[in-house]
Amino acid sequence: MSAPLRPRPSPVDLLAAQLGDAAGAAIELERPNDAAHGDYATNAALRLAPVRRTPPRELAQELARLAAALPGVERAEVAGPGFVNLWLGDAWFEETLGAILDDGSDFGGASAPQRERVQVEMVSANPTGPITVAAARNGAYGDSVARLLEFAGHDVEREYYYNDAGTQMERFRASVDAVRRGEEPPEDGYRGDYVAELARAGGDPVPAMLAQIEATLERFRIHFDGWALQSELERRLPELLPRLDTYEREGATWARSSAYGDEQDRVVIRSKGRPTYRAADVAYLEDKLARGFDRAIYVLGADHHGTRNWYGAVARMLGQDPARVEVLLYQLVHLTRGGEVTKMSKRRGDVVTLDEFVDEVGVDAARWYLVSRGADQTIEIDVDLAAEKTQKNPVYYVQYAHARIAGILRNAGEAEVSAHATHSLAPEERELVKRLAEFPPLVAEATERRAPHSIPYYAIQVADDFHRFYHEHRVLESDAQAFRLALCRATQRVIARCLDLVGVEAPERM
RNA sequence: GCGCCCGUAGCUCAGCGGAAGAGCGACGGCCUUCUAAGCCGUGGGUCGCAGGUUCGAAUCCUGCCGGGCGCGCCA
């Protein structure tokens with residue numbers, strides 16, 4: 001690990017710190033929902049009241065007096081049970097916009113307290129068929145988390161781990177072989193057009209399937225730095241398994257994982273002698289940590305939640321720090337047709353593939369949609385309505401704001417850009433500056449909580465504020481041109497960053 | 001039976017201790033001006049139910065109801 005990163009404090013943080021110093025207590029400033037409650041507000045008086053044994057409104061009066069004396073603060077008022085509402089002067093907004101512009105495209109980044117080497121393992125679907133929309137959520141979520149971590153200053157590698165050795169793969173190969181012999185695939189095998197295509201192509205269908213999966217994910221703007229094979233990792237089991245706490249029962253070898261934080265013990269060697277997928281997990285985790293990753297992140301669907309504590313248990317059994325292992329769970333994607341839930345099975349070949357979905361709605365709308373919901377939220381997609389719905393996808397609203405700004409900046413040419421205003425700021429300008437100032441804490445929290453879905457929601461708000469500003473005020477050839485160009489540029493950078501963090505393009509024209 | 005996740009506007013979902021929101025849908029306005037993929041307005045919610053903690057609960061705790069997922073040799 002290298003030296004701590006040092007993002008510079010935002011003007012809002014500085015203001016809060018100044019007020020905190022004056023008051024002798026930690027102060028947090030929030031943007032009130034209601035514009036009548038000022039530019040920023042704090043509930044510090046309500047929090048301090050019990051500690052200082054003073055009525056909250058009395059404390060609030062004192063805070064308001066201190067706040068009003070700070071530079072940049074126009075006035076401060078006590079409201080409700082003890083909130084302090086602050087109104088800021090134009091100079092504060094100009095200074096804030098100037099600070100945002102100074103940071104350039106790094107604005108909001110480098111929030112990590114320590115730089116880490118992080119591996120994000122994601123998707124990792126068995127190469128028994130094309131990537132489905134359901135698996136694509138894993139990629140959309142995992143890749144956005146990876147992008148957030150990179151933006152925060154970490155060194156991130158994305159990896160795909162695939163099973164080329166297990167039962168499912170045997171069934172898959174048997175299915176292709178059956179088709180080649182002109183027979184039906186086995187009862188528990190795989191079917192679908194892609195199986196027939198692989199049969200025609202000849203050779204081992206697994207590498208061919210894998211190549212197709214990689215192409216699909218590249219198209220989905222997810223690039224993997226590495227690919228791990230189960231069969232290779234299994235070779236190291238003879239040296240690794242003795243390091244585990246194991247026992248024999250019913251002819252199988254079990255890991256005593258329940259003694260290390262897991263809910264239950266797990267079979268690592270079947271009674272018939274073959275290692276399980278869980279055994280390969282052990283080799284893989286050992287491998288990840290040995291490669292020097294400070295943190296190994298697993299992105300797993302909710303159908304795997306039963307094993308969420310297994311990985312940490314493995315780390316403990318191997319004598320490693322379980323804090324280096326992190327499991328991110330996301331709820332499943334349910335697909336419906338015409339409002340009716342259909343259980344789609346990869347084996348039956350009736351799934352909706354990511355390629356089909358992207359053909360229908362485009363990469364931008366697909367990624368936006370899959371990452372816009374909280375990971376804890378089940379996603380329902382009506383396949384029949386997907387295309388129609390995505391015409392109204394808010395991603396276009398955000399992209400449109402970006403393209404509009406790009407148009408203005410194109411037309412502006414070499415005109416002066418300055419955060420210094422020569423006019424009295426309009427409400428739309430002030431709102432937009434405040435919105436942009438929210439970005440650093442928002443993106444830092446999204447990273448910390450592994451919650452990329454807050455980025456699209458924030459981007460919609462930025463676009464909303466910009467469209468309103470655009471509608472009310474002319475930029476070029478206005479008496480506030482230099483300031484408004486500065487506002488446009490800062491807004492464009494923030495929108496572009498938000499779009500990039502969720503893997504969506506920021507168009508110059510639409 | 002046990003574990004995890006979810007129940008907020010007609011629909012899809014944010015918010016997760018501080019003064020109820022967005023998109024879509026519905027209804028009504030706004031283009032000779034930097035892109036109308038835009039803007040403005042109207043209507044719409046006992047935040048599943050019941051207790052508890054708190055000055056304050058959609059947010060925390062408990063119970064219940066409803067839905068999803070899972071529960072030792074598939075992955």
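A, B, ... follow the sequence lines: proteins, then strands. Residue 1 opens every chain. Excluded from the calculations below are hydrogen atoms, water molecules and symmetry mates; all remaining heavy atoms, backbone and side chain alike, are included.
- No hydrogens or angles were tested; on distance alone, nothing pairs the side chain of A/His304 with the base of B/G70 as donor and acceptor under 3.5 Å.
- As rounded to whole Å, 13 Å separates atom P of B/C39 from atom CG of A/Leu432.
- At B/C74, none of the side-chain N or O atoms of A/Arg278 fall inside 4.0 Å of OP1 or OP2 (strictly under the cut-off).
- Across the C1' atoms, B/C6 and B/C74 are found 27 Å apart, a figure rounded to whole Å.
- The phosphate of B/C73 has neither OP1 nor OP2 within less than 4.0 Å of any side-chain N or O from A/Lys272.
- Judged by distance alone with a 3.5 Å cut-off, no donor-acceptor contact links the side chain of A/Asp34 to the base of B/A20.
- Put simply, A/Arg270 has a side-chain N or O that comes within less than 4.0 Å of OP1 or OP2 on B/C74.
- In this structure, A/Phe83 forms an aromatic stack with the base of B/A19, since both conditions hold: centre separation below 5.5 Å and plane angle below 30°.
- Cation-pi geometry between A/Lys288 and A/Tyr161 is not met at under 6.0 angstrom from the ring centre and within 45 degrees of the axis.
- No hydrogens or angles were tested; on distance alone, a donor-acceptor pair under 3.5 Å links the side chain of A/Glu250 to the base of B/C73.
- Remark: A/Arg497 is not positioned above the aromatic ring of A/Phe439, lacking an NZ or CZ atom under 6.0 angstrom from the ring centre and at most 45 degrees off the axis.
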List the steps and the verdict of salt bridge (Lys or Arg N to Asp or Glu O under 4.0 Å) for A/Asp287 and A/Arg236.
CA-CA 10 Å; A/Asp287 178 66; A/Arg236 304 182 50 201; 3.5 Å; yes

Could you walk me through whether A/Glu286 and A/Arg243 pass the salt bridge (Lys or Arg N to Asp or Glu O under 4.0 Å) test, one step at a time?
CA-CA 11 Å; A/Glu286 203 280 335; A/Arg243 288 172 55 187; 3.7 Å; yes

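- Residue-nucleotide stacking is present for A/His37 and B/A19, judged by a side-chain ring centre under 5.5 Å from the six-membered base ring centre and planes under 30° apart.
- For the pair A/Asn393 CG and B/C13 C1', the computed distance is 13 Å after rounding to whole Å.
- Within the structure, a side-chain polar atom (N or O) of A/Tyr397 is placed less than 4.0 Å from OP1 or OP2 of B/C39.
- Checked by distance alone, A/Arg249 brings a side-chain donor or acceptor within 3.5 Å of a matching partner on the base of B/G72.
- Taking side-chain N and O atoms only, A/Arg404 has no distance below 4.0 Å to OP1 or OP2 of B/A37.
- Remark: A/Arg468 is in phosphate contact with B/C40, judged by side-chain N or O atoms under 4.0 Å from OP1 or OP2.
- The shortest distance between the side-chain N/O atoms of A/Gln377 and the OP1/OP2 oxygens of B/A14 is below 4.0 Å.
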